[in-house]
S.K.: 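Quick one: the structure is below, questions incoming.
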2 protein chains.
Amino acid sequence: MDRRSDCPVACSLDVLGDKWSLLIIRDMGYYGKSTFKDFEKSEEGIATNILSNRLKKMMDHGIIHKEQSESNKLVYHYSLTKKGVDLAAPIIGLSRWAVKYIPEVNDIFNIK
Amino acid sequence: MDRRSDCPVACSLDVLGDKWSLLIIRDMGYYGKSTFKDFEKSEEGIATNILSNRLKKMMDHGIIHKEQSESNKLVYHYSLTKKGVDLAAPIIGLSRWAVKYIPEVNDIFNIK
DNA sequence: CGGGATCCGTCTTGATACTG
DNA sequence: CAGTATCAAGACGGATCCCG
């Protein structure tokens, strides 16, 4: 569903408004993960078809970039584009909020 | 689905990781909307069952609060709790990102 | 009329098996 | 390793109905 709104919040949520996209960004930006298997192994347990779908969607939107490994042609590395790197701010915002208000979370990013 | 992760990003996305929750927060915080009908009339067009579900969910999580109107007993006003108000930061983060990277959006919040 | 609840068809997810 | 295929279950969207 695309809402075709011109609101910046609605537009960003059209791309990122689901349970997985921002987690994949987190994995790439904070944990340094880059391969399909890496993302698949994250503790939250994304299904491979959903992972595949989200990677494709974020590539279409220029948030991430895919390239073949030079050492092993069977492996692909995903990385953040500048557009993807700049999602750090909203992600950190969410993280700060959770640390402040959700008791169970660990402040694993040690954000000031 | 609850992932039972202790990551602050994952935990906040368990509550807010969908296309509508943050838009309702936006409507309350930025547009000053407060009634069911107000939210329903937003340009993105949320269905009433979904709206009802999201309001309930965010009330359960203490993000919003509901009270009966004093002037009209048929009307209920939803408002942000402190926990909800503090979602402004991540929402502004998303908004800034969209303004920077998505050409079609209007910078309706005029965020510096 | 405002605030939902209910029903129903469709689209999306999630779990797992399977393939190049 | 990096996905695709399959299929059941659930979420969503739209319309309608109900209730005070």
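The structure displayed is predicted, hence computed values, not measured ones. The figures here come from the full heavy-atom set of this structure, side chains too, leaving out hydrogens, waters and symmetry mates.
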S.K.: Who are the side chain to side chain donor-acceptor pair (under 3.5 Å) partners of B:H65, not counting sequence neighbours?
M.R.: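 If we apply the side chain to side chain donor-acceptor pair (under 3.5 Å) test to B:H65, skipping adjacent residues, there are no hits.
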
S.K.: Among residues at least two apart in sequence or on other chains, which ones pass salt bridge (Lys or Arg N to Asp or Glu O under 4.0 Å) with A:D27?
M.R.: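 Not a single residue meets the salt bridge (Lys or Arg N to Asp or Glu O under 4.0 Å) criterion with A:D27.
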
S.K.: Rounded to whole Å, how long is the line connecting atom CD of A:E44 with atom C1' of C:dG14?
M.R.: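 Going from A:E44 (CD) to C:dG14 (C1'), I get 15 Å.
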
S.K.: Check salt bridge (Lys or Arg N to Asp or Glu O under 4.0 Å) between A:K37 and all other residues, then give those that pass, not counting sequence neighbours.
M.R.: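 A:K37 satisfies salt bridge (Lys or Arg N to Asp or Glu O under 4.0 Å) with A:E40 only.
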
S.K.: What's the CG-P distance between B:N72 and C:dC1, to the nearest Å?
M.R.: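 Value for this atom pair: 13 Å.
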
S.K.: Identify whether the distance between the nearest side-chain nitrogen and carboxylate oxygen of B:R54 and B:D18 falls below 4.0 Å.
M.R.: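 Yes, B:R54 and B:D18 are salt-bridged.
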
S.K.: Is there a residue in residues 50-67 of chain A whose heavy atoms reach under 4.0 Å of DNA chain C, and which residues are they?
M.R.: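 Per residue number, the list reads A:I50, A:R54.
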
S.K.: Can you name the side chain to side chain contact (heavy atoms under 4.5 Å, CB included) partners of A:K41, sequence neighbours left out?
M.R.: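 Side chain to side chain contact (heavy atoms under 4.5 Å, CB included) check on A:K41 returns A:D38.
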
S.K.: Nearest-Å distance, NE2 (A:H77) to P (D:dG3)?
M.R.: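 Between P of D:dG3 and NE2 of A:H77: 12 Å.
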
S.K.: Rounded to whole Å, please give me the gap between CG in B:D14 and P in D:dA11.
M.R.: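 Spelled out: CG on B:D14 to P on D:dA11 is 13 Å.
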
S.K.: Is NZ or CZ of A:K66 both nearer than 6.0 Å to the six-membered ring centre of A:Y76 and within 45° of the ring axis?
M.R.: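 Because its charged atom sits under 6.0 Å from the ring centre and within 45° of the axis, A:K66 does stack over A:Y76.
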
S.K.: With a non-hydrogen cut-off below 4.0 angstrom, is A:Y78 in contact with a base, only sugar-phosphate, or nothing?
M.R.: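 A:Y78: backbone/sugar contact only, no base atoms under 4.0 Å.
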
S.K.: Sequence neighbours excluded, which residues qualify as side chain to side chain donor-acceptor pair (under 3.5 Å) partners of A:S69?
M.R.: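 Partners of A:S69 under the side chain to side chain donor-acceptor pair (under 3.5 Å) test: A:S71.
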
S.K.: For the helix from C:dC1-D:dG20 to C:dG20-D:dC1, what angle separates the axis at the start from the axis at the finish, each from five pairs, in steps of 10°?
M.R.: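 So the angle between the two local helix axes works out to 30°.
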
S.K.: Could you check how far NZ of B:K73 sits from P of C:dG4, rounded to whole Å?
M.R.: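 Between P of C:dG4 and NZ of B:K73: 16 Å.
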
S.K.: Quick one: is D:dG13 close enough that its OP1 or OP2 comes under 4.0 Å of any side-chain N or O from B:W20?
M.R.: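 Yes.
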
S.K.: Under 4.0 Å: is that the gap between some side-chain N or O of B:Y76 and OP1 or OP2 of C:dC1?
M.R.: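 Checking C:dC1 against B:Y76, no side-chain N or O comes under 4.0 Å of OP1 or OP2.
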
S.K.: Name all residues meeting the side chain to side chain donor-acceptor pair (under 3.5 Å) criterion together with B:T48; count only those two or more places apart in sequence or in a different chain, and write none if there are none.
M.R.: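 Not a single residue meets the side chain to side chain donor-acceptor pair (under 3.5 Å) criterion with B:T48.
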
S.K.: What does the list of N/O pairs under 3.5 Å between the protein and nucleotides 14-20 of chain D look like, with a distance for each?
M.R.:
| residue | atom | partner | partner atom | Å |
| --- | --- | --- | --- | --- |
| D:dG14 | O6 | B:N49 | ND2 | 3.0 |

S.K.: Can you work out whether B:D18 or A:E40 has the more 5'-proximal nearest nucleotide on DNA chain D?
M.R.: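 Nearest-nucleotide comparison on DNA chain D picks A:E40.
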
S.K.: Test of understanding: with side chain to side chain donor-acceptor pair (under 3.5 Å), list the residues that count as partners of B:N53, not counting sequence neighbours.
M.R.: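 Once residues adjacent in sequence are excluded, B:N53 has no partner under the side chain to side chain donor-acceptor pair (under 3.5 Å) criterion.
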
S.K.: Please list, chain by chain and in numerical order, all residues satisfying side chain to side chain contact (heavy atoms under 4.5 Å, CB included) with A:K56, sequence neighbours excluded.
M.R.: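 For A:K56, the residues satisfying side chain to side chain contact (heavy atoms under 4.5 Å, CB included) (neighbours in sequence not counted) are A:S52.
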
S.K.: Let me know the distance between CG of A:D38 and P of D:dG3, rounded to the nearest Å.
M.R.: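 Taking atom P of D:dG3 as the reference, CG of A:D38 is at 12 Å.
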
S.K.: Using distance only, find each side-chain donor-acceptor pair of residues 80-93 of chain B under 3.5 Å and give its atom names and separation, not counting sequence neighbours.
M.R.:
| residue | atom | partner | partner atom | Å |
| --- | --- | --- | --- | --- |
| B:T81 | OG1 | B:G62 | O | 2.7 |
| B:T81 | OG1 | B:I63 | O | 3.0 |
| B:T81 | OG1 | B:K83 | N | 3.3 |
| B:T81 | OG1 | B:G84 | N | 3.2 |
| B:K82 | NZ | B:D86 | OD1 | 3.4 |
| B:K82 | NZ | B:D86 | OD2 | 2.9 |
| B:K83 | NZ | B:H61 | O | 2.8 |
| B:D86 | OD2 | A:K100 | NZ | 2.8 |
| B:D86 | OD2 | A:Y101 | OH | 2.5 |

